Amino acid sequence: MHNDEIAQIFDQLADLLEIDEANPFRVRAYRDAARMLRGLSEEVSDMLERGEDLADLPTIGKDLAGKIQEIVDTGRLQVLEDMKRTVPPGLAELTKLPGFGPKRVKRVYDELGIRTVEAMRKAAEQGELQKLPGFGAKTEAKILSYFQSDRSSDMRTRLFDAEKIAERIVRHLTAIAKPADICVAGSYRRQRETVGDLDVLVASNRTREVMDHFVAFDEVSKVDSKGSTRATVHLRSGMQVDCRVVEKASFGAALVYFTGSKAHNISLRKRGVARGLKINEYGAFKGAKTVAGRTEKEIYAAVGLPFVPPELREDRGEIEAAEKRRLPKIIEISDIRGDLHVHTRASDGRDTIRDMALAAKKRGYAYLAITDHTKHARIAHGLTVKRLEKQIDEIDRLNEELSGVRILKSSEVDILADGSLDLPDATLAKLDLAVCAVHFDFDLSPAKQTERIIRAMDHPAFSILAHPTCRLIGERDPMRVNMERLMDAALERGCFLEVNGQPERLDLNDIHCRMAKERGLKLALSTDAHTIEQLGLMRFSIGQARRGWLERSDVINALNWRELKTLLKRCG
DNA sequence: GCCGTTTTCGGCCCGACTGTTTTCAGTCG
């Protein structure tokens, strides 16, 4: 039983309790627990096995500790099963409809017997909804238009795609505000792997004009709401964008508020309350007196904390760490000395070794590992042993010729079904490092998959496990592996795991980064670039690493080559 | 249901916008 599954049970129970009009704070307790579980870098089932007291975890008290135990023991939660008999579970789906929360869902259920999305559509089409007191023509129209749309708006967008949209919106807004007064906040600024919507903040005292200009963005397909300081629109791409305008004196407070996460803000405001302060998007206030607002730093200082980087604002212990002045000094892109996973035209890349090396040098890198595929990866034009040996000679020649950047001889070696590597030992021995990866048989049992990879790590040439879970965001689930065991095995064998910066991979993710750090396992931040431009994807690898609290000392490619070489086990 | 630098009981973050209402509840972030 994984943390995610337990979290789902708690969320489901919270949904039903809410419709049943339970104590809202009780509902929140379940939601808080679910969120905490999703961010935990350790399986609670393992903690229970070791006899640890779950009530020591934040948001978990005696009661919830017992409920987690029950779920781990039996695979289900009795109160949820009971609740499902009181409230039809389908009602939870209905609260996701626009304009419908628990209260109104309960009313349409009680008064019209609606318990499914389909029934809701019928009722709207037949004009039944607006007959209910408190429900009008607009509510009905909103539901109908929701059903007519492609509903892609409730999809989350990959960070990379969100970035492109964000850049266009910012460009549009620069016609009415200075770049320094515009910031895309929200989960985008926190570098979450996917974003649900974009939150754009503008500092200006021409609030009306900014609002008018914002909704006139040519990609806007629908204006959902528009007030004097806040507007919500949908773009043709389906992306929802919120825009908020505040005065400069409130910009820092609004940035904190709009960057979130919600849970982080709640923790911050609670700290404020304990100090007699009210914190909102306009500032921090002691009675009628403003004590902070212009910068984020001021807001944190008002509650006795140092600045917390956006990537850490998930209420995963950052406030406690900040209080003790023990925030990690998280890694920055300028700390990176080289890229350890890139392809060339020899396999499925576009550019030459020379061009990739020169592009790496231009980025200020000291080294670059060329990691074309091995022969098993046929569709990626994997290199035969003969071609790889030729490439090794070419790299030797280029290293003679080029200065300022060292090209490392490497390969993205397929891990075969039985855990052996797709290159003979004699060839592996000629490489500076071996980046190894699974590219087929993703759906083995967790035990078999884990064994397969650990067997590969047993090979003395194995350096780095590339894209360890092989997930493709929104397309392919992560492989089921025992990540704790993989990490421990890597530590024992002097191997490393990768954080792959390809937009659809981001693998390892933030939680895994944190898990590795806590175990003392260092990671490689790589791009898996297939073109010189893709070397820039390092920023996404960095994003996940920062979210996972990684510091420079946790990252092997923040070392210079001489230092890195001593870490690679073949040289140890 | 959790939690404690006012506390083991009585609190629990804060505000904008909409729709349908004549002053506010519900939803949303």
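In what follows, chains are A, B, ... by sequence order, proteins preceding strands, each numbered from 1. The model shown is predicted, which means the values in this text are computed figures rather than measured ones.
With B:dT27, B:dG29, B:dC13 as the choices, the nucleotide that has an atom nearest any side-chain atom of A:Ile266 turns out to be B:dC13. For A:Tyr257, whose side chain is taken as the heavy atoms from C-beta onward, the closest listed nucleotide among B:dG29, B:dT27, B:dC13 is B:dG29. With B:dG26, B:dC13, B:dA16 as the candidates, the nucleotide lying closest to the side chain of A:Glu281 is B:dA16. Comparing B:dG29, B:dC12, B:dG15 against the side chain of A:Phe25 picks out B:dC12 as the nearest. For A:Lys278, the side-chain atoms get nearest to B:dC14 when compared with the rest of B:dG29, B:dC14, B:dG1. Of the candidates B:dG1, B:dC13, B:dC17, B:dC13 carries the atom nearest the A:Arg269 side chain, counting heavy atoms from C-beta on. Comparing atom distances between the A:Val273 side chain and each of B:dC13, B:dG1, B:dG26 picks out B:dC13 as nearest. Of the candidate nucleotides B:dG29, B:dA16, B:dC13, B:dA16 has the atom lying nearest to any side-chain atom of A:Tyr282.
At least one side-chain heavy atom of A:Phe214 sits less than 4.5 Å from a side-chain heavy atom of A:Val233. A heavy-atom distance below 4.5 Å is not found between the side chains of A:Cys183 and A:Phe258.
Relative to the six-membered ring of A:Tyr109, A:Arg115 misses at least one condition, a distance below 6.0 Å or an angle of at most 45° to the axis. Remark: A:Arg104 qualifies as a cation-pi partner of A:Phe135 under the 6.0 Å distance and 45° angle criteria applied to the six-membered ring.
Side-chain atoms of A:Arg189 and A:Thr259 form a donor-acceptor pair, as typed in the model, at a separation below 3.5 Å. A:Thr527 and A:Gln534 are not linked by any side-chain donor-acceptor pair at a separation below 3.5 angstrom, with hydrogens and angles left out of the test. Side-chain N/O atoms of A:Gln78 and A:Asp82 include a donor and acceptor closer than 3.5 Å.
A close approach under 4.0 Å does occur between a side-chain nitrogen or oxygen of A:Gln240 and OP1 or OP2 of B:dG29. At B:dC13, none of the side-chain N or O atoms of A:Asn265 fall inside 4.0 Å of OP1 or OP2 (strictly under the cut-off). A:Lys262 has no side-chain polar atom (N or O) that falls below the 4.0 Å cut-off from OP1 or OP2 of B:dC28. Side-chain nitrogen and oxygen atoms of A:Arg28 include at least one within less than 4.0 Å of the OP1 or OP2 phosphate oxygen of B:dC13.
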Can you give me the N/O atom pairs linking the protein to nucleotides 18-22 of chain B at distances under 3.5 Å, or say none if there are none?
from	atom 1	to	atom 2	distance (Å)
B:dT18	OP1	A:Lys226	N	2.8
B:dT20	OP1	A:Gly136	N	2.2
B:dT20	OP1	A:Gly136	O	3.2
B:dT20	OP1	A:Thr139	OG1	3.1

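The CG-P distance, from A:Asp315 to B:dC2, rounds to 16 Å in whole Å. Distance, A:Met239 CE to B:dG29 P: 14 Å, rounded to whole Å. Atoms CZ (A:Phe214) and P (B:dC17) sit 13 Å apart, rounded to a whole Å. Straight-line distance from the CZ atom of A:Phe100 to the P atom of B:dT27: 9 Å, rounded to whole Å. To the nearest angstrom, P of B:dG26 lies 15 Å from CD1 of A:Ile19. Rounded to an integer number of Å, the gap from A:Leu64 CG to B:dC3 C1' is 13 Å. The nearest whole Å value for the distance from the CD1 atom in A:Ile299 to the P atom in B:dC14 is 13 Å. A:Leu94 places its CG atom 12 Å from the P atom of B:dT27, with the value rounded to the nearest Å.
Contact annotation for A:Leu97: backbone-only contact, meaning every heavy-atom pair under 4.0 Å involves sugar-phosphate atoms and none involves a base. Residue contacts shown for A:Pro24 are absent, as no nucleic acid heavy atom lies under 4.0 Å away. A:Lys67 comes within 4.0 angstrom of the backbone, heavy atoms only, and of no base. Using a 4.0 Å heavy-atom cutoff across all strands shown, A:Thr229 reaches sugar-phosphate atoms only and no base atom.
With the nearest nucleotide of DNA chain B identified for both A:Ala29 and A:Ile279, A:Ala29 has the one nearer the 5' end.
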**Request:** Decide yes or no on salt bridge (charged side-chain N to carboxylate O under 4.0 Å, His left out) for A:Glu163 and A:Arg539, but give the supporting numbers first.
**Result:** CA-CA 12 Å; A:Glu163 181 184 76; A:Arg539 66 187 185 281; 2.5 Å; yes
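Atom P of B:dG1 sits at a distance of 23 Å from the matching atom of B:dT5, rounded to the whole Å. Look at the P atom in both B:dT20 and B:dG26: the space between them is 14 Å, to the nearest Å. For B:dG10 and B:dT6, the C1' atoms lie 12 Å apart once the distance is rounded to whole Å. Comparing B:dT27 with B:dT21, their P atoms are spaced 15 Å from each other, to the whole Å. Comparing B:dT23 with B:dC17, their C1' atoms sit 16 Å apart, to the nearest whole Å. B:dC13 and B:dC3 have their C1' atoms separated by 16 Å, with the value rounded to a whole Å. The separation of B:dT8 from B:dC14, taken at their P atoms, amounts to 22 Å, rounded to a whole angstrom.
More than 12 heavy atoms of other residues, nucleotides or ligands lie within 6.0 Å of NZ in A:Lys96, so this atom counts as buried by the packing criterion. With a 6.0 Å radius and a threshold of 12 heavy atoms from other residues, nucleotides or ligands, A:Lys103 has its NZ atom at or below the threshold.
Each of A:Glu318, A:Arg192, A:Arg547 was scored for a side chain to side chain contact (heavy atoms under 4.5 Å, CB included) with A:Glu311, with one residue passing: A:Arg547.
For DNA chain B, the stems formed by at least three consecutive Watson-Crick or G-U pairs, with both atom-pair distances below 3.5 Å, span B:1-4 with B:9-12, B:14-19 with B:24-29.
Side-chain N/O atoms of A:Asn23 and base N/O atoms of B:dG1 include a donor-acceptor pair closer than 3.5 Å.
Listed for the A:Arg325 side chain is a donor-acceptor partner under 3.5 Å among the backbone atoms of A:Ala322.
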